[in-house]
Amino acid sequence: MKYQAPRGVKDLLPPESELFRLLEDEVREVFGRSGFREIRLPLFESADLFARSIGESTDIVEKEMYLFSGKGGESLALRPEGTASLIRAAIEHRLAEPGRLERLFYQGPMFRHERPQAGRLRQFHQAGAEILGSSDPDDDVDLIATVSRHAGISRVPASRLLINSMGCPECRPGYREILVDYLEKNHDLLCETCRRRTKTNPLRVLDCKIPSCQPVLESAPHLVEFLCPASRSHFDRVCRGLEGEGISFTVSHRLVRGLDYYTETAFEWVSDALGAQSTWAAGGRYNGLVRHLGGGDVPGVGLAIGIERLFLLRELAGTLPQKAGAAVHLAVHPLEEAARPYAHRILASLRDNGISAVGIFGQTRLKKAFLQAEREGALFIGLLGGDELSTGTITIKHLATGIQKSLPTFPPEYLSKALREPWTPDPV
RNA sequence: GUGAGUGUAGCUCAAGGGCAGAGCACUGGACUGUGGCUCCAGGGGUUGGGGGUUCGAAACCCCUCACUCACCCCA
């Protein structure tokens with residue numbers, strides 16, 4: 001085979017492509033019903049934007065970005081995630097302004113140069129929703145509810161919601177010191193990576209999954225116990241709000257975001273049914289990000305859903321959205337040369353009237369035409385021969401029931417209407 | 001980037017040093033205006049690629065590529 005798709009990217013063929021589209025549509029609808037409006041963002045940006053927003057020392061920026069140069073030599077990158085672009089666009093077009101509240105969502109492919117694995121691709125899809133301009137805990141609750149209720153939990157097997165608080169610039173530095181103290185005391189019990197991170201990014205140490213580190217990390221001081229009154233209150237109100245909504249969650253003290261402009265609430269939806277990549281949606285509050293990217297003092301909270309992961313989970317649970325109706329309504333088959341122009345006219349008029357129709361032209365045997373119609377998912381087959389030509393009719397057979405009728409092809413609205421109505425035998 | 005497992009027809013898989021096969025799918029026929037069934041026939045392969053061992057390699061050895069899963073990281 002001379003050419004094949006690059007590593008880690010997938011061709012999506014029918015029927016999966018159709019189901020994938022339905023799932024994307026459903027997510028779009030869910031966000032739309034919660035008041036989010038779609039923003040269409042470019043697939044590449046200045047590489048520097050991602051370095052600044054995601055963080056210089058993250059794996060994504062250090063080794064996973066697809067980098068390339070523009071003609072002028074500027075450094076560009078395929079987007080590894082959506083939030084950075086969205087914030088950039090919001091600042092650029094004055095949607096992120098102090099005092100203004102904006103709900104936006106995006107959907108589309110993201111690119112990370114990682115080793116492919118179950119639920120992990122080099123080109124994958126995310127749908128994300130962001131609320132800019134609100135620091136109200138009820139907006140955290142509402143955002144979480146949107147996913148938990150509607151995209152969600154009930155349709156995803158073995159799914160759990162984890163939440164935690166990252167604190168704020170007032171209280172996190174204090175906690176960080178306490179944590180570093182603790183980690184240094186237990187230095188000898190930690191793995192190589194954790195020792196390094198104790199110095200570079202102590203909060204991330206809590207994320208370590210190496211078994212030998214677990215006892216130390218489990219008994220590490222919890223950030224929520226060191227929150228300042230304001231952060232404490234924000235977190236309590238989010239938790240109470242979720243309880244009030246009847247959304248169950250677990251406070252996970254080990255759930256962290258490594259970067260400073262992530263503040264207050266962090267949350268993740270995980271499922272054990274997914275393999276090693278257990279997170280299928282994640283989000284949090286980022287009250288410092290807009291300012292960090294050169295905008296005003298505008299708080300924000302957002303999340304992203306991994307569409308492939310959601311797809312896998314819902315496929316497993318049998319809860320993918322169902323395809324409505326047949327792929328093709330009517331397959332038209334001319335039985336002789338003279339009927340071909342007639343067939344084209346009928347196809348055109350059906351399509352004009354909103355009916356999906358295909359022509360079956362290449363088959364010499366009627367049996368083959370039937371088989372082809374079925375293969376294309378047609379509901380009806382329409383036959384055109386000498387009789388039909390001379391009387392201006394078409395012989396239509398409902399493939400599932402075998403019920404057959406002869407219908408006039410003029411006016412075209414009549415035929416379209418008949419094809420949409422329940423197909424029962426004519427009274428004798 | 002590291003590790004393990006797997007690569008044979010379009011798909012699912014046999015053959016474990018001695019003729020590369022089956023089922024499904026595909027094409028044609030039985031069957032020229034009425035399908036799904038059945039029967040018959042046919043096309044399809046440098047056994048992922050390269051090198052080596054051997055009289056002989058799909059099989060054994062080395063290299064390489066790809067896929068899968070895991071580490072790592074994350075959606």
Side-chain angles (χ1 to χ4, degrees), chain A residues 1-10 13 27 54-55 57-64 79-83 106-128 147 151 191-194 197 204 207-211 255-258 267-271 274-284 302-313 331 333-336 339 360 362-376 378 380-389 394-404 406:
Chain A
M1 218 177 315
K2 195 161 183 186
Y3 293 110
Q4 50 185 313
R7 179 166 221 189
V9 307
K10 267 199 169 138
L13 311 174
V27 169
I54 299 165
S57 66
T58 56
D59 281 15
I60 293 177
V61 170
E62 274 183 352
K63 38 191 197 199
E64 295 176 2
R79 61 180 186 186
E81 56 110 44
T83 302
Y106 60 86
Q107 188 167 41
M110 307 292 164
F111 307 86
R112 292 183 199 173
H113 190 100
E114 295 184 279
R115 192 77 169 259
Q117 184 181 331
R120 191 168 81 183
L121 294 164
R122 289 185 173 177
Q123 176 175 334
F124 60 101
H125 294 75
Q126 285 187 343
V147 170
C191 70
E192 192 66 25
T193 313
C194 286
R197 281 182 178 153
R204 282 289 312 286
D207 227 4
C208 182
K209 280 151 199 121
I210 295 181
L255 175 60
V256 295
R257 297 285 181 269
F267 43 90
E268 271 185 33
W269 288 263
V270 299
S271 169
L274 208 50
Q277 310 300 321
S278 57
T279 303
W280 60 269
L303 61 82
I305 298 172
I307 302 293
E308 281 85 357
R309 292 182 184 178
L310 180 60
F311 187 97
L312 282 170
L313 286 167
H333 179 56
L335 292 159
E336 49 198 75
I360 296 179
Q363 299 299 344
T364 51
R365 304 184 62 156
L366 192 50
K367 171 173 179 163
K368 299 291 177 194
F370 271 85
L371 291 171
Q372 180 61 29
E374 277 174 349
R375 204 158 22 216
E376 297 204 47
F380 296 97
I381 190 168
L383 303 177
L384 299 171
D387 297 347
E388 287 82 2
L389 215 46
I394 181 169
T395 299
I396 291 181
K397 187 168 188 177
H398 187 238
L399 287 164
T401 61
I403 296 170
Q404 182 167 312
S406 176

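So you know, we letter chains A, B, ... as the sequences are listed, proteins then strands, and number each from 1.
- No donor-acceptor contact under 3.5 Å links the side chain of A/Gln4 to the base of B/G48.
- To the nearest whole angstrom, the two P atoms, one in B/A22 and one in B/A41, are 12 Å apart.
- Here the side chains of A/Ile54 and A/Glu81 are in contact, with some heavy-atom distance below 4.5 Å.
- In this structure, NZ of A/Lys397 is placed 12 Å from P of B/G33, rounded to the nearest angstrom.
- Residue contacts shown for A/Leu335 include a base, since a base heavy atom lies under 4.0 Å away.
- Residues that satisfy the side-chain contact (heavy atoms from CB on, under 4.5 Å) test with A/Ala378, not counting sequence neighbours, are A/Val328, A/Ala331, A/Ala373, A/Leu399.
- Applying the side-chain contact (heavy atoms from CB on, under 4.5 Å) criterion to A/Gln277, with sequence neighbours excluded, gives A/Gln117, A/Arg120, A/Arg309.
- Between B/A70 and B/A14, the two C1' atoms lie 29 Å apart (nearest whole Å).
- Between the CZ atom of A/Phe370 and the P atom of B/C37 there is a distance of 14 Å, rounded to whole Å.
- Residues forming a ring-ring contact (aromatic ring centres under 6.0 Å, His included) with A/Phe380 (at least two apart in sequence, or on another chain): A/His329, A/His398, A/Trp423.
- In this structure, A/Gly8 reaches the sugar-phosphate backbone alone: every heavy-atom distance under 4.0 Å involves primed, P, OP1 or OP2 atoms, never a base.
- Residues meeting the side chain to side chain donor-acceptor pair (under 3.5 Å) test with A/Ser278, sequence neighbours left out: none.
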Would you mind building the protein contact string for nucleotides 69-75 of chain B? One character per nucleotide, 5' to 3', B for base within reach (heavy atoms under 4.0 Å), S for sugar-phosphate only, - for untouched. SBBBBBB
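- For the P atoms, the distance linking B/U54 with B/A59 amounts to 15 Å, nearest Å.
- Taking a pair as Watson-Crick or G-U wobble with both distances under 3.5 Å, the runs of three or more consecutive pairs in RNA chain B are B:1-7 with B:65-71, B:10-13 with B:21-24, B:26-30 with B:38-42, B:48-52 with B:60-64.
- The NZ atom of A/Lys368 sits 12 Å away from the P atom of B/A25 (whole-angstrom rounding).
- If you take atom P in B/U68 and the same atom in B/G33, they sit 46 Å apart, rounded to whole Å.
- Between the P atom of B/C37 and the CG atom of A/Leu371 lies a distance of 8 Å, rounded to the nearest Å.
- Taking the P atoms as reference points, B/C67 lies 15 Å from B/U12, given to the whole Å.
- Under 4.0 angstrom from either OP1 or OP2 of B/G36 there lies at least one side-chain N or O belonging to A/Lys367.
- B/A9 and B/G21 have their C1' atoms separated by 10 Å, with the value rounded to a whole Å.
- In B/G5 the base sits anti relative to the sugar, since the glycosidic angle is further than 90° from 0.
- A/Arg112 places no side-chain N or O within donor-acceptor distance of the main-chain N or O of A/Lys63, the cut-off being under 3.5 Å.
- Scored by the side-chain contact (heavy atoms from CB on, under 4.5 Å) test, A/Asp387 finds no partners at all (sequence neighbours excluded).
- As rounded to whole Å, 15 Å separates atom P of B/U34 from atom CG of A/Leu399.
- For A/Glu388 and A/Lys10, each mapped to the nucleotide of RNA chain B holding its nearest heavy atom, the one lying further toward the 5' end belongs to A/Glu388.
- Here the separation of B/A57 from B/G50, taken at their C1' atoms, is 15 Å to the nearest Å.
- Remark: A/Pro116 engages A/Arg7, A/Arg122 in a side-chain contact (heavy atoms from CB on, under 4.5 Å) (not counting sequence neighbours).
- Distance check on atom C1': B/C71 versus B/U64 gives 23 Å, rounded to whole Å.
- Take A/Phe370 and apply the ring-ring contact (aromatic ring centres under 6.0 Å, His included) test, not counting sequence neighbours, and it matches no residue.
- The closest side-chain heavy-atom distance from A/His125 to A/Pro109 is below 4.5 Å.
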